[in-house]
Amino acid sequence: MQPSPPTSEHALLERACNLAGQTLGELAVQAGISVPMDLRRDKGWVGQLLEWHLGASAGSKPVPDFDNLGIELKTIPIGYNGKPLETTFVCVAPLIGLHGLSWEKSHIRHKLARVLWVPVEGERDIPLPDRHVGSPLLWSPSEEEEQQLRRDWEELMDMIVLGQVEQITARHGEVLQLRPKAANSRALTEAYGANGQPIKTLPRGFYLKTHFTAALLERYFIL
DNA sequence: TACTGATCATTT
DNA sequence: AAATGATCAGTA
């Protein structure tokens, strides 16, 4: 009996607020699923548990979690210091077919247009069933945040177009990183080489750096 | 502790 | 292979 999809932002936020303070163990019981010992082989487990409770259109379909509302769900692991423990994966970076692509049309901008952030205790010494869910935050980028994201995106995409994808490190970009996003190091995809010729390289993804998500959460709790 | 490359499961 | 959901774990 999975909850039905929320029909409004308000309904979604209210539902998320009701999860705050509960543990992953409690939520797993309600969902009728078992809790893994750790996340080593179940890295997406927390996200999928929250999807179930919030009535997200689950699965790996390339649509927003709450398609009708245009909202993306992101769980974010929080440490004892109250700050994110991990970077946040946003989406895969396009490596070819980039003609005419702009920030305004980019997949990443649409993904980040409206996000429901759900903080979850993430320290590894807290047993998974005992970790608490925090207060949700329904977020859209501020003007400054959007400009930061746009600048980083344009810098990274310029390098990709110029065939320099393999020279990109996680330090190119103030708030966005480009890093491998693959099943393993053998998974390859097509990209532009330095002379415009096609090359095979690891699929890359855009990740939000922890200082960016930390600031975004902090902005909320200060306001 | 941040950065980095590598990895895990599942579905389409 | 690419999309969904991310964290792991070595090292500088």
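Computed from a prediction, not measured in an experiment: that's the story for all the values here. By convention in this document, chain letters (A, B, ...) are assigned in the order of the sequence lines, proteins followed by strands, and residues within each chain are numbered from 1.
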>> Within the structure provided, determine whether A/M159 and A/H172 are in side-chain contact (heavy-atom separation under 4.5 Å).
In response: yes

If you look at every strand shown and take non-hydrogen atoms under 4.0 Å, does [X] touch a base, only sugar-phosphate, or nothing?
X: A/K74; value: sugar-phosphate
X: A/T75; value: sugar-phosphate
X: A/T87; value: base
X: A/E190; value: nothing
X: A/R171; value: sugar-phosphate
X: A/V46; value: nothing
X: A/R186; value: sugar-phosphate
X: A/G47; value: sugar-phosphate

>> Quick check on DNA chain C: between A/E86 and A/D42, whose nearest nucleotide comes earlier from the 5' end?
In response: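 Its nearest nucleotide lies further toward 5', so the answer is A/D42.
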
> Toward the 5' end of DNA chain C, which comes first, A/G122 or A/C91, by nearest nucleotide?
Replying inline: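 Between the two, 5'-proximity favours A/C91.
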
For the pair made of [atom1] in [X] and [atom2] in [N], what is the distance, rounded to whole Å?
X: A/L208; N: C/dA6; atom1: CG; atom2: P; answer: 12 Å
X: A/I168; N: B/dT4; atom1: CD1; atom2: P; answer: 12 Å
X: A/L176; N: B/dA2; atom1: CG; atom2: C1'; answer: 17 Å
X: A/D38; N: B/dT7; atom1: CG; atom2: P; answer: 18 Å
X: A/L73; N: C/dA3; atom1: CG; atom2: P; answer: 20 Å
X: A/R179; N: C/dA6; atom1: CZ; atom2: C1'; answer: 10 Å
X: A/L128; N: C/dC8; atom1: CG; atom2: P; answer: 10 Å
X: A/L85; N: B/dC3; atom1: CG; atom2: C1'; answer: 15 Å

> If each of A/Y207 and A/K83 is mapped to the nucleotide of DNA chain B with the nearest heavy atom, which maps nearer the 5' terminus, i.e. the 5' end?
Replying inline: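 Per heavy-atom nearest nucleotide, the more 5' residue is A/K83.
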
> Where each residue is assigned the nucleotide of DNA chain B containing its nearest heavy atom, which of A/R41 and A/H172 is assigned the position nearer the 5′ end?
Replying inline: A/H172

>> Is a donor from one side chain sitting under 3.5 angstrom from an acceptor on the other, for A/R219 and A/S142?
In response: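 Side chains of A/R219 and A/S142: no pair found under 3.5 Å.
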
[X] has a side chain; which of [options] sits nearest to it?
X: A/Q48; options: B/dA6, B/dT4, C/dG5; answer: C/dG5
X: A/K209; options: C/dG5, B/dC3, C/dT7; answer: B/dC3
X: A/T189; options: C/dA2, B/dT4, C/dT4; answer: C/dA2
X: A/K181; options: C/dA9, C/dA6, B/dT4; answer: C/dA6
X: A/R124; options: C/dA9, B/dA6, C/dA6; answer: C/dA9

>> Counting only heavy atoms not in A/E144 (residues, nucleotides, ligands), do more than 12 fall under 6.0 Å from its CD?
In response: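 Open.
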
> So, A/H53 side chain and A/L27 main chain: donor-acceptor pair closer than 3.5 Å or not?
Replying inline: yes

>> Rounded at 0.5 Å granularity, tell me how far CZ in A/R124 sits from CZ in A/R131.
In response: 9.0 Å

> Between atom OG1 of A/T213 and atom CG of A/L137, what is the distance when rounded to the nearest 0.5 Å?
Replying inline: 11.0 Å

Can you check whether [X] has a side-chain N or O nearer than 4.0 Å to OP1 or OP2 of [N]?
X: A/K200; N: C/dA1; result: no
X: A/R40; N: C/dA6; result: no
X: A/S185; N: B/dT7; result: yes

> Is there a donor on the side chain of A/K43 or the base of B/dT7 sitting less than 3.5 Å from an acceptor on the other?
Replying inline: yes

>> If we check salt bridge (Lys or Arg N to Asp or Glu O under 4.0 Å) with A/R109, which of these qualifies: A/E104, A/E146, A/E154, A/E72?
In response: A/E146

